[in-house]
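All heavy atoms count here, side chains included; hydrogens, waters and symmetry mates do not. In what follows, every chain begins at residue 1, and chains take the letters A, B, ... in the order their sequences are listed.
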Amino acid sequence: MPPIRWTSDPRGAFQDARRRLDVAHRARSRRAGRRRALLRHGRTSQEQGPRRLRHQHRPVVQAGVPSATALADALAKELQHADGIAAAEVAGPGFLNVTVSAAAQGEVARAIVEAGATYGTSDRLAGKRINLEFVSANPTGPIHIGTGRWAPVGDSLARVFIALGADVTREYYFNDHGAQVDRFSRSLLAVARGQEPPEDGYVGSYLVDIADQVVAGHPGVLELPDDEAKEVFRREGIELMFADIKQTLHDFGVDFDVYTHQQTLHDSGAVERAIDRLREMGNVYEADGAVWLRTQKYGDDKDRVIIRSNGAPAYISADLAYYLDKRERGFDLVVIMLGADHHGYVGRLLAMCQAFGDTPHENLEVLIGQMVNVVRDGKPVRMAKRAGSVVTIDDLIEALGVDAARYALVRYSTDSNIDIDLALWTSASNDNPVYYVQYASARLASILRNATELGIAWSAADFDPSLLASDREETCCGRWLSSPGGVRSG
RNA sequence: GCGCUCGUAGCUCAGCUGGAUAGAGCAGUGGACUUCUAAUCCACCGGUCGCAGGUUCGAGUCCUGCCGGGCGCACCA
């Protein structure tokens with residue numbers, strides 16, 4: 001064991017050497033204790049242009065520019081004597097393998113213990129205000145599994161941004177305006193009167209529950225004229241439905257900081273203000289009796305109507321106001337998470353962002369999550385009680401439990417549509433992905449418990465990092481070292 | 001017809017801004033273990049990265065065209 005005592009992160013030594021040589025680098029973690037570096041040269045100046053850069057990436061000798069191997073050699077020499085580094089050797093054309101000494105590598109254990117829960121966090125996004133809007137299911141029924149996918153994903157994303165030091169707000173856009181809500185209230189009224197729901201209405205036993213509650217709270221409601229009764233069912237029904245949704249999300253471990261009601265954007269004049277602003281920017285015009293936004297100018301397929309020829313605002317008008325509202329509330333980045341059935345909407349939202357004079361992907365990011373199906377033995381499952389109903393988050397939680405349900409939704413890339421196999425996720429077998437996580441947790445808890453029973457306690461003074469030298473420990477240290485990178489790129 | 005997205009090992013999926021022999025888990029095969037919870041561990045087996053071109057010193061990654069699955073293309077929300 002080389003008697004290398006190290007005092008700092010070996011990456012520091014690496015960066016020192018690099019700085020001295022004035023080369024750009026690319027480092028990647030490989031096996032435990034090793035870092036590999038691809039050397040690139042000639043990237044110190046951005047104005048070189050792509051063509052020349054490409055040539056300079058070639059690992060060949062050019063006039064006045066040392067070859068990659070020569071650079072690697074030089075870098076290796078610098079590194080060999082650096083603290084915490086056991087060996088540095090040139091491996092292939094342009095690659096440098098750096099072996100971190102066991103002692104240096106073991107230090108990561110100390111760093112983790114001392115940092116506790118803050119290990120892996122950073123201040124990379126410090127001062128940045130991010131608004132994450134997700135779920136935002138309409139209050140016309142329980143949360144469907146597709147939109148519900150964003151609940152754990154959006155929540156996890158929020159946690160990652162917070163770990164990076166950002167100031168994060170979780171927000172829910174509550175759509176209590178428009179035709180869907182009207183259909184909902186008509187459906188409630190029909191159900192309360194024991195009639196068939198309207199042709200275009202909603203079905204499901206939840207309607208009965210809501211209708212019963214409304215009637216219980218307003219005994220005379222069924223004797224009112226249709227319009228008045230419908231209004232009562234609208235107002236009360238939405239409140240009850242929304243309370244249900246909030247409860248479901250809360251049970252799912254997801255709570256929001258801000259709920260914005262679409263209706264308030266219309267009532268407060270925010271929509272008009274947003275349109276005025278866009279008009280000032282020269283991006284609004286009138287044609288065919290309607291008011292249009294010039295989204296095509298900013299990459300959308302066509303311009304979009306924001307005020308219909310009948311005078312009613314189109315759906316997007318509230319989004320204009322909402323985006324502006326978020327920006328005025330001081331958010332640098334506005335993230336909106338939508339289901340794949342809304343992906344056609346992305347283009348016009350990004351165009352809107354630009355129409356306001358903002359920069360897409362910098363001030364506005366629209367994420368699309370693909371569809372979620374629930375299957376059993378390969379066949380789609382409908383769990384709710386009445387035909388026509390869809391699988392809800394409540395159903396999923398009931399079937400899998402909160403932890404497994406969250407994990408089943410977070411585990412996969414949101415770019416892929418997923419089939420959640422109930423048989424798989426509820427099975428007591430190795431096939432069940434959630435078992436791995438639970439077992440790992442159980443084993444770690446067990447180690448700590450046994451350590452306590454044996455009277456073993458952490459002591460910074462007695463800690464000898466060089467003892468963490470076995471292959472297994474090397475692997476662990478490597479993972480630990482690279483895990484903050486995962487948070488960073490997340 | 002147009003657009004978005006997926007197509008990587010038998011199965012379910014990773015693969016970051018293109019970089020060294022493409023990685024995990026499960027399944028399969030062969031071992032280990034009088035157990036820090038057998039809900040275990042180790043090893044092996046297994047891949048024309050949908051197909052065909054192209055760009056590049058280098059492509060699973062970028063571009064073009066096909067094929068296949070999903071989802072959309074409203075003065076609906």
Side-chain angles (χ1 to χ4, degrees), chain A residues 26 28-30 36-40 50-51 54-60 68 90-97 136 138 140 146 173 175-184 200 262 287-292 300-319 338-348 366 368-373 378 408 411-421 424-425 427-454 456 471-472 482 485-486 488-490:
Chain A
R26 182 184 178 85
R28 314 193 112 210
S29 60
R30 201 188 173 194
R36 56 184 174 179
L38 164 65
L39 298 178
R40 288 181 170 180
R51 184 92 192 127
R54 207 158 49 225
H55 279 284
Q56 293 201 339
H57 283 179
R58 281 187 191 176
V60 295
V90 179
F95 288 90
L96 177 65
N97 283 340
S136 298
N138 289 343
T140 52
Y173 185 43
N175 182 351
D176 53 353
H177 177 95
Q180 295 193 12
V181 168
D182 189 56
R183 292 214 311 261
F184 177 63
D200 60 347
Q262 187 183 356
D288 304 329
V291 180
W292 298 71
D300 195 10
D301 298 333
K302 49 178 268 195
D303 289 345
R304 303 293 172 176
V305 168
I306 50 181
I307 303 290
R308 293 188 269 159
S309 52
N310 67 6
Y315 180 76
I316 194 174
S317 65
D319 274 334
L338 300 172
D341 51 343
H342 288 87
H343 79 256
Y345 212 61
V346 177
R348 73 195 74 168
V366 184
I368 296 298
Q370 297 298 318
M371 297 286 139
V372 179
N373 296 307
R411 191 166 190 263
Y412 307 96
S413 161
T414 50
D415 287 337
S416 306
N417 43 3
I418 50 178
D419 292 334
I420 296 177
D421 189 325
L424 174 69
W425 284 87
S427 69
S429 78
N430 287 339
D431 298 339
N432 189 342
V434 81
Y435 266 60
Y436 250 82
V437 180
Q438 289 177 342
Y439 184 60
S441 171
R443 288 293 290 266
L444 288 171
S446 164
I447 289 171
L448 291 175
R449 191 180 60 242
N450 291 341
T452 306
E453 281 168 12
L454 293 169
I456 299 169
D471 284 352
R472 205 66 69 82
S482 57
R488 232 172 283 139
S489 61

- Note on the structure: H177(A) and N175(A) have their tightest heavy-atom pair at O-OD1, 2.8 Å

- Note on the structure: Here the pair of heavy atoms bringing D288(A) nearest to S309(A) is O-CB, 3.8 Å

Let's test this: given Watson-Crick or G-U wobble pairing with both distances under 3.5 Å, identify the partner of [N].
| N | value |
| --- | --- |
| G19(B) | C57(B) |
| C51(B) | G65(B) |
| A43(B) | U29(B) |
| U34(B) | none |
| C4(B) | G70(B) |
| U12(B) | A24(B) |

- Item | Steps toward side-chain contact (heavy atoms from CB on, under 4.5 Å) verdict (H343(A), V366(A)) | CA-CA 9 Å; H343(A) 79 256; V366(A) 184; over 6 Å; no

- Task: Kindly indicate, with the supporting measurements, whether the criterion side-chain contact (heavy atoms from CB on, under 4.5 Å) is fulfilled by Q262(A) and Y315(A).
- Result: CA-CA 10 Å; Q262(A) 187 183 356; Y315(A) 180 76; 4.0 Å; yes

- Query: Between S136(A) (side chain) and Y173(A) (backbone), is there a donor-acceptor pair under 3.5 Å?
  - Reply: yes

- Side chain N432(A), main chain V434(A), donor-acceptor under 3.5 Å: yes

Quick check for you: among [options], whose closest atom lies nearest to any side-chain atom of [X]?
| X | options | value |
| --- | --- | --- |
| Y435(A) | A77(B), U5(B), A39(B) | A39(B) |
| D431(A) | U40(B), G72(B), C26(B) | C26(B) |
| D341(A) | U40(B), G72(B), U5(B) | G72(B) |

Need one value for [X]: base, sugar-phosphate or nothing, where a base atom within 4.0 Å counts as base even if backbone is also close, heavy atoms only.
| X | answer |
| --- | --- |
| S413(A) | sugar-phosphate |
| H342(A) | base |
| D288(A) | base |

[atom1] spacing across the pair [N] / [M], given as an integer number of angstrom:
| N | M | atom1 | answer |
| --- | --- | --- | --- |
| G19(B) | C62(B) | C1' | 14 Å |
| U64(B) | C4(B) | P | 10 Å |
| U48(B) | A9(B) | P | 9 Å |
| G58(B) | C51(B) | C1' | 22 Å |
| G72(B) | U55(B) | C1' | 32 Å |
| C42(B) | G47(B) | C1' | 23 Å |
| G18(B) | C75(B) | P | 39 Å |
| A43(B) | A20(B) | C1' | 25 Å |

- Item | Donor-acceptor pair present, S309(A) side chain and C75(B) base, under 3.5 Å | yes

- Message: Please confirm whether the shortest side-chain N or O distance from K302(A) to OP1 or OP2 of C75(B) is below 4.0 Å.
- Response: yes

Would you mind reading off the distance between [X] atom [atom1] and [N] atom [atom2], rounded to a whole angstrom?
| X | N | atom1 | atom2 | result |
| --- | --- | --- | --- | --- |
| Q438(A) | G25(B) | CD | C1' | 16 Å |
| N417(A) | G69(B) | CG | P | 13 Å |
| Y412(A) | A14(B) | OH | C1' | 12 Å |
| L338(A) | G72(B) | CG | C1' | 13 Å |
| H343(A) | C6(B) | NE2 | P | 12 Å |
| I368(A) | G72(B) | CD1 | P | 12 Å |
| Y345(A) | C73(B) | OH | C1' | 14 Å |
| D419(A) | C13(B) | CG | P | 8 Å |

- Message: Determine whether N138(A) and F184(A) satisfy the following criterion, side-chain contact (heavy atoms from CB on, under 4.5 Å), listing intermediate values before the conclusion.
- Response: CA-CA 10 Å; N138(A) 289 343; F184(A) 177 63; over 6 Å; no

- Toward the 5' end of RNA chain B, by each residue's nearest nucleotide, G344(A) or W292(A): G344(A)

- Comparing R411(A) with R443(A), nearest RNA chain B nucleotide closer to 5' gives the residue R411(A)

